[in-house]
S.K.: 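Shown below is the structure under consideration.
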There are 6 protein chains.
Amino acid sequence: MMKVTVSRKAHFNAAHRLYREDWSYEKNNSIFGKCNNPNFHGHNYELIVSVTGEIDPETGYVIDMKILKDIIKSEIEDVFDHKNLNIEVPEFKTLNPTAENMVVVIYDKLKRKINDSLELEVTLYETPRNFVSYSGL
Amino acid sequence: MMKVTVSRKAHFNAAHRLYREDWSYEKNNSIFGKCNNPNFHGHNYELIVSVTGEIDPETGYVIDMKILKDIIKSEIEDVFDHKNLNIEVPEFKTLNPTAENMVVVIYDKLKRKINDSLELEVTLYETPRNFVSYSGL
Amino acid sequence: MMKVTVSRKAHFNAAHRLYREDWSYEKNNSIFGKCNNPNFHGHNYELIVSVTGEIDPETGYVIDMKILKDIIKSEIEDVFDHKNLNIEVPEFKTLNPTAENMVVVIYDKLKRKINDSLELEVTLYETPRNFVSYSGL
Amino acid sequence: MMKVTVSRKAHFNAAHRLYREDWSYEKNNSIFGKCNNPNFHGHNYELIVSVTGEIDPETGYVIDMKILKDIIKSEIEDVFDHKNLNIEVPEFKTLNPTAENMVVVIYDKLKRKINDSLELEVTLYETPRNFVSYSGL
Amino acid sequence: MMKVTVSRKAHFNAAHRLYREDWSYEKNNSIFGKCNNPNFHGHNYELIVSVTGEIDPETGYVIDMKILKDIIKSEIEDVFDHKNLNIEVPEFKTLNPTAENMVVVIYDKLKRKINDSLELEVTLYETPRNFVSYSGL
Amino acid sequence: MMKVTVSRKAHFNAAHRLYREDWSYEKNNSIFGKCNNPNFHGHNYELIVSVTGEIDPETGYVIDMKILKDIIKSEIEDVFDHKNLNIEVPEFKTLNPTAENMVVVIYDKLKRKINDSLELEVTLYETPRNFVSYSGL
């Protein structure tokens, strides 16, 4: 029963702003600094989706990488790429689009499309120097 | 008279939108596609500034890298980082912030601060797969 | 009892083809797509070998990186580099050389040469966007 | 008349063998070493296509990156990806597929599809440590 | 109770020498090879600091990345950057500055500054091909 | 007469100190800052050697990459790797080992070993963000 982890990199770019509607502009600024720019700023997000499970002895695959690539495209890239996260992605209308909240939202969207026998971990690079990861634990 | 090129990498992130005010939404969409999103999208821009000149025999420097780093910070990073290019950077109020136009604007801003005896080239990565460069020629 | 993980990157390039001899060409094509090209295709494989154990208080090493580098060279690079995996590597004469099967074969070959008190994990990049890892669990 | 260079990265993987049919196996081996493996080996090729020209004052583009991306896909990726270069790419039936010969073939295929007012340069990475470039001069 | 890992990359460069004062030059050479150069050699160290904890529902942060960046600067970069580790960093006056010993020292220095409810892991690249990691276990 | 540029990456690590013996400690500090640490600091240097010439119609090579790799090893890596540049590399006993001076020294050492019909350019990364290049002009 050998468990192998298969990972696929993807990417999208988007605009966002970090703030809470129920806080004053001053409080938002003291916590979120220049990330609170009301005119938005943006990033090239790099995404790594890792799926762990047993190798299918017939195909030699844990999961067909082409299928994983298509799931990432339809669930994440088509929804997030070239978008304003705060305005155009429903999950972030009331949730602050920090990298931490984003990686949980991405995990949840992918988890629904991946067979339950497989473990899932998602890593999201907000910049080449800042990244987050989440595995549902 | 040995000419050496000295390069320094920097980075900033920003939101932007590609469009012309004097075109219809349809025409903008046909040319700029999803880059015309009126809610903006964004990028992590990576910048390489290259300065060519003779080595100062006293110091062994073409240009002091710390001075070059400070010029890039005050002229470019402080002005572009975490900003909405269309709204907050004066040059792009009437100029479409394509990577091509951006690299020329960045070149012009740096050129004024670099000794005229030195040649300048600027390379700007909009994404890890798309980049532009300009050397004033 | 501090456990530190020491990792070493290596690389090799090779040709391969994904298919099963006991399947029809049509079935192989429906599962493996263009990876089933009977004339082979190839990759630059990047390999990361990670060894976890206690620091030897005398040397300050978990494992001498030069020794680890030599094991990777003799066990993996000399055997896989510039080879056709299906034809020239015995393990893949009857085993489909998917990245998943490759990472298990590489793990097993290295495991025999690494002290049993050390844990081993192997990560294999098939392309810059696709990679797999295996730790014997 | 500002000339800007616009670059786009692409990639493909392929199998190949370096040898000349009109040389003995021994002579091929003495020149091409393990690259002469008759069972082929392979690489992930990374490709950078650079186009230099004036910025169109209307669009702010030198060339629409989406159009450039599509040309690279139809002319190069669709023809080379997951292929055996020696057997399946007509240009290399009689031409040794060294990186040098490949970059000239790629340049020639792209040059036909790019407006003559634009300069073209092609860089091809055979491995992360070996690469070649050609600009038609 | 979702646990997310937040990572920040930093870097410093330093000189060092691997040896034990209580060993002969010959014994040091047989174990540490050219790393035992008595005139020192050096590296650009890349550091990844990973902090795991629950997302603060108010801010959407596990830890404010700016605070983490400042801790890394004051505890590690200001102390190690452009230094001779053997001579100028107190911890290595009697401890061999192997990558393994360094990652434990860095972990211990950061651990004191990070809230106890958060888990910490540190990864240190000595070269692009050699790296170590430690999580206090 | 097609001219192709062939490039090869190599690397070495070394300690150095920037200063002039004929300057006071204060003057050295004001110009070279922390790079003037008398106990030395160090870097992982990445080197790119680029050779331009016509493709040999017999072999399809501009220069055999294995030969280029061997020249870089014997002329540069064996001389610079794990060394203290100021103390152990003769060229820098009286020449300040700035990146600019280093790239000229490396160019001169390689130029003597490369056929005069070939053009040479050398790029040297002192850190991932600082690099220099020289082509003898």
Side-chain angles (χ1 to χ4, degrees), chain C residues 8-19 25 28-48 69 73-74 76-93 96-99 102 123-132, chain D residues 8-19 25 28-48 69 73-74 76-93 96-99 102 123-132:
Chain C
R8 172 82 195 163
K9 286 195 192 175
H11 56 104
F12 59 89
N13 56 69
H16 76 160
R17 172 194 181 183
L18 299 188
Y19 78 116
Y25 187 76
N28 272 305
N29 253 11
S30 77
I31 300 294
F32 299 118
K34 56 189 177 180
C35 299
N36 177 37
N37 182 341
N39 294 316
F40 307 104
H41 65 283
H43 298 289
N44 300 323
Y45 291 94
E46 296 284 328
L47 182 67
I48 303 175
K69 182 182 170 184
K73 181 170 188 314
S74 63
I76 309 299
E77 290 176 326
D78 288 352
V79 179
F80 286 23
D81 189 42
H82 280 79
K83 294 290 165 58
N84 183 308
L85 299 177
N86 304 71
I87 297 174
E88 295 172 292
V89 178
E91 284 85 349
F92 300 115
K93 291 214 163 132
N96 200 2
T98 60
M102 287 178 69
T123 297
L124 180 71
Y125 280 75
E126 192 176 66
T127 75
R129 296 207 163 265
N130 292 355
F131 59 99
V132 295
Chain D
R8 172 84 196 163
K9 286 195 193 176
H11 58 104
F12 59 89
N13 57 68
H16 76 160
R17 172 194 181 183
L18 300 189
Y19 78 116
Y25 187 76
N28 272 305
N29 253 10
S30 77
I31 300 294
F32 299 118
K34 57 188 177 178
C35 299
N36 178 37
N37 182 340
N39 293 316
F40 308 104
H41 65 283
H43 299 289
N44 300 324
Y45 292 94
E46 296 283 329
L47 182 67
I48 302 175
K69 182 182 171 185
K73 181 170 190 314
S74 64
I76 309 300
E77 291 177 324
D78 288 352
V79 179
F80 285 24
D81 189 42
H82 280 79
K83 294 290 165 58
N84 183 307
L85 299 176
N86 303 71
I87 297 174
E88 295 172 292
V89 177
E91 284 85 349
F92 300 116
K93 290 213 163 134
N96 200 3
T98 60
M102 286 178 69
T123 296
L124 180 71
Y125 281 75
E126 192 177 65
T127 74
R129 295 206 164 267
N130 292 355
F131 58 98
V132 295

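So that the names make sense, note that chain A is the first sequence line, chain B the second, and so on, each numbered from 1. The basis for the numbers below is simple: all heavy atoms, side chains too, and nothing from hydrogens, waters or symmetry mates.
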S.K.: What is the minimum heavy-atom distance between D:Cys35 and C:His82, and which atoms define it?
M.R.: SG-NE2, 3.5 Å
S.K.: Rounded to the nearest 0.5 Å, how far apart are CG of D:Asn44 and CD of C:Glu126?
M.R.: 8.0 Å
S.K.: Restricting to non-hydrogen atoms, name the atom on D:Asn37 and the atom on C:Glu88 that form the minimum distance, rounded to 0.1 Å.
M.R.: ND2-OE1, 2.8 Å
S.K.: Nearest 0.5 Å, what's the CG-CZ distance between D:Asn39 and C:Phe40?
M.R.: 7.0 Å
S.K.: Check whether any side-chain heavy atom of C:Lys34 lies under 4.5 Å from a side-chain heavy atom of D:Asp81, and answer yes or no.
M.R.: yes
S.K.: Specify which of D:Glu46, D:His16, D:Arg17, D:His43 makes the most heavy-atom pairs with chain C at under 4.5 Å.
M.R.: D:His43
